[in-house]
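One structure below.
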Amino acid sequence: MAQAQRTAIVTGAARGIGAAIATRLAADGMSVAVLDLDEGACAGTVEAIKAAGGDAVAVGADVSDEASVAAAVERVAEALGGPTVLVNNAGITRDNLLFKMSVADWDAVMGVHLRGAFLMSRAAQKHMVEAEFGRIVNLSSVSALGNRGQVNYSAAKAGMQGFTKTLAIELGRWNVTANAIAPGFIETEMTAATAERVGMPFEDFKAAAAKQIPVARVGQPEDIAHTVSFLASEGAGFVSGQVIYVAGGPRD
Ligand SMILES: NC(=O)c1ccc[n+]([C@@H]2O[C@H](COP(=O)([O-])OP(=O)(O)OC[C@H]3O[C@@H](n4cnc5c(N)ncnc54)[C@H](O)[C@@H]3O)[C@@H](O)[C@H]2O)c1
């Protein structure tokens, strides 16, 4: 029997880890919605996918906005078919020590990670239940274990793990799995911005991080994309509710 054509949505896919995930899922044969805040910013990822012979569309949406999410998922369903693979990757950091953290920075981080993953999953599950197939992959982080200056982000990333386990329990009967990936240090604009914030050249920042990592290097977006590819595959249907630390060791 020929394998069904799958449609995937990857949020925050204009750059970084999300772009690598979108590119990989397209190479795996899926039609991919490259979703990010600014539709124009998705062009690079979409063009790279198309140049490699894949199928992709750019979708501008704010994952923390209910109406924006509903419209985006509807648009994807019309353009590419009902999405049965969802990667909740969009993310932001607003780091500060607790005593200096503003309510706006707390809310912004919760809004993108937790509210965003909730809204996207709720909108997409309808298509997965209809298809009796689904794969949801949520981006957590080693910061879920606690990280100085990230009380908002670590709470959100720990929340992603509980969210994932409950999705796995609720949606399993429709052959929908949900898993989380907790990356360690991955070389992207997000970690480059952290280096800038702490006043360190990025190369030194990466070298210092690599010293703490058992495999003696920092991660690349493709390391995460590879793990998503496995979790989103047809054969991974008995893996659900798990958190996989992709950090070059037990943790970074
Ligand atoms: N880079 C790392 O070391 C690392 C480690 C652990 C976890 N993560 C997680 O991996 C994911 C990707 O990180 P990255 O390093 O590629 O970050 P990045 O900043 O390079 O990319 C994040 C993308 O998300 C998009 N985005 C932000 N808010 C959005 C919203 N409301 N709606 C839609 N899109 C939105 C941004 O525009 C951006 O394109 C994030 O969830 C991040 O928390 C990253």
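For ligands, and for the atoms within them, numbers begin at 1 and follow the listed sequence.
The closest heavy-atom contact to atom 40 (C) of ligand 1, among the options N89, T194, V87, comes from N89. Among D36, L119, V59, the residue whose heavy atom lies closest to atom 38 (C) of ligand 1 is D36. By heavy-atom distance, the residue among A117, G91, P221, G12 lying nearest atom 27 (C) of ligand 1 is G91.
For the pair R94 and Y153, the NZ or CZ position fails the cation-pi test of under 6.0 Å to the six-membered ring centre and within 45 degrees of the ring normal. Both cation-pi conditions hold for K206 and F202: the charged atom is under 6.0 angstrom from the six-membered ring centre and inside a 45 degree cone around its axis.
The N/O atoms of V142, backbone and side chain alike, include none that comes under 3.5 Å of an N/O atom in ligand 1. Ligand 1 has an N or O atom lying under 3.5 Å from an N or O atom of V63, backbone or side chain. For ligand 1, none of its N or O atoms has an N or O atom of S64 under 3.5 Å away. Of the polar atoms of I186, at least one N or O is found under 3.5 Å from an N or O of ligand 1, judged by distance alone. Between Y153 and ligand 1, a contact under 3.5 Å exists for at least one N or O pair.
Using a non-hydrogen distance threshold of 4.0 Å, A182 does not register as a contact of ligand 1. Residue contact annotation: K157 has a non-hydrogen atom under 4.0 Å from ligand 1. Under the 4.0 angstrom criterion for non-hydrogen atoms, V112 is in contact with ligand 1. Note on ligand 1: G184 sits in its first shell, one or more heavy atoms being nearer than 4.0 Å. Taking a 4.0 Å cut-off on heavy atoms, S140 registers as neighbouring ligand 1.
Distance check, rounded to the nearest 0.5 Å: CE of M160 to CG of L139 gives 7.0 Å.
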Next item on the list: Apply salt bridge (Lys or Arg N to Asp or Glu O under 4.0 Å) to E170 and R122, showing your working.
Entry: CA-CA 12 Å; E170 289 191 12; R122 194 183 61 173; over 6 Å; no
Note to self: Does S229 form a side chain to side chain donor-acceptor pair (under 3.5 Å) with D28? I'd like the steps, not just the answer.
What the structure shows: CA-CA 8 Å; S229 173; D28 290 345; 2.6 Å; yes
Item checked: Verdict with supporting geometry, R24 and E222, salt bridge (Lys or Arg N to Asp or Glu O under 4.0 Å) -> CA-CA 8 Å; R24 175 60 188 263; E222 291 72 24; over 6 Å; no
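Shown in contact with F185 at under 4.0 Å from a heavy atom are these atoms of ligand 1, numbered in order with element: 3 (O). Taking every non-hydrogen atom of L37 and a distance limit under 4.0 Å, the qualifying atoms of ligand 1 come out as 28 (N), 29 (C), 30 (C), 31 (N), 32 (N), 33 (C), 34 (N), 35 (C). Near H113, meaning under 4.0 Å from any of its heavy atoms, are these atoms of ligand 1: 41 (O), 43 (O). Within ligand 1, the atoms closer than 4.0 Å to a non-hydrogen atom of A61 are 32 (N), 33 (C), numbered from 1 in the order shown. For ligand 1, the atoms sitting less than 4.0 Å from at least one non-hydrogen atom of D62 are 30 (C), 31 (N), 32 (N), numbered in the order shown with element in parentheses. Every atom of ligand 1 with a heavy atom of G16 under 4.0 Å away is listed here by number and element: 16 (O).
Side-chain contact between V59 and I9 is absent, with no heavy-atom pair separated by less than 4.5 Å.
A salt bridge links R6 with E234: at least one charged nitrogen is closer than 4.0 Å to a carboxylate oxygen. Using a 4.0 Å cut-off between a side-chain N of Lys or Arg and a carboxylate O of Asp or Glu, R217 and D223 qualify as a salt bridge.
Among protein heavy atoms, the minimum distance from atom 35 (C) of ligand 1 is reached at A90 CB, 3.6 Å. What sits closest to atom 16 (O) of ligand 1 on the protein, heavy atoms only, is I17 N, 2.9 Å. With hydrogens left out, the protein atom closest to atom 21 (O) of ligand 1 is R15 NE, 3.6 Å, a heavy atom.
R115 and S64 share no donor-acceptor pair across their side chains, judged by distance under 3.5 Å alone. Side-chain N/O atoms of N138 and T164 include a donor and acceptor closer than 3.5 Å. Q150 and T93 form no side-chain donor-acceptor contact under 3.5 Å, judged by distance and modelled atom types alone. Between the side chains of N175 and E132, no donor N or O sits under 3.5 Å from an acceptor N or O.
A side-chain contact (heavy atoms from CB on, under 4.5 Å) with L35 is found for exactly one of N89, V63, V10, namely V63.
When heavy-atom distances to ligand 1 are checked against a 4.0 Å cut-off, T188 comes that close only through its side chain, counted from C-beta outward. The proximity of T191 to ligand 1, defined as any non-hydrogen pair under 4.0 Å, is limited to the side chain. Residue-level proximity to ligand 1 for I92 is carried by the side chain, the only part with a heavy atom below 4.0 angstrom.
Atom CD of E196 has 12 or fewer heavy atoms from other residues, nucleotides or ligands within 6.0 Å.
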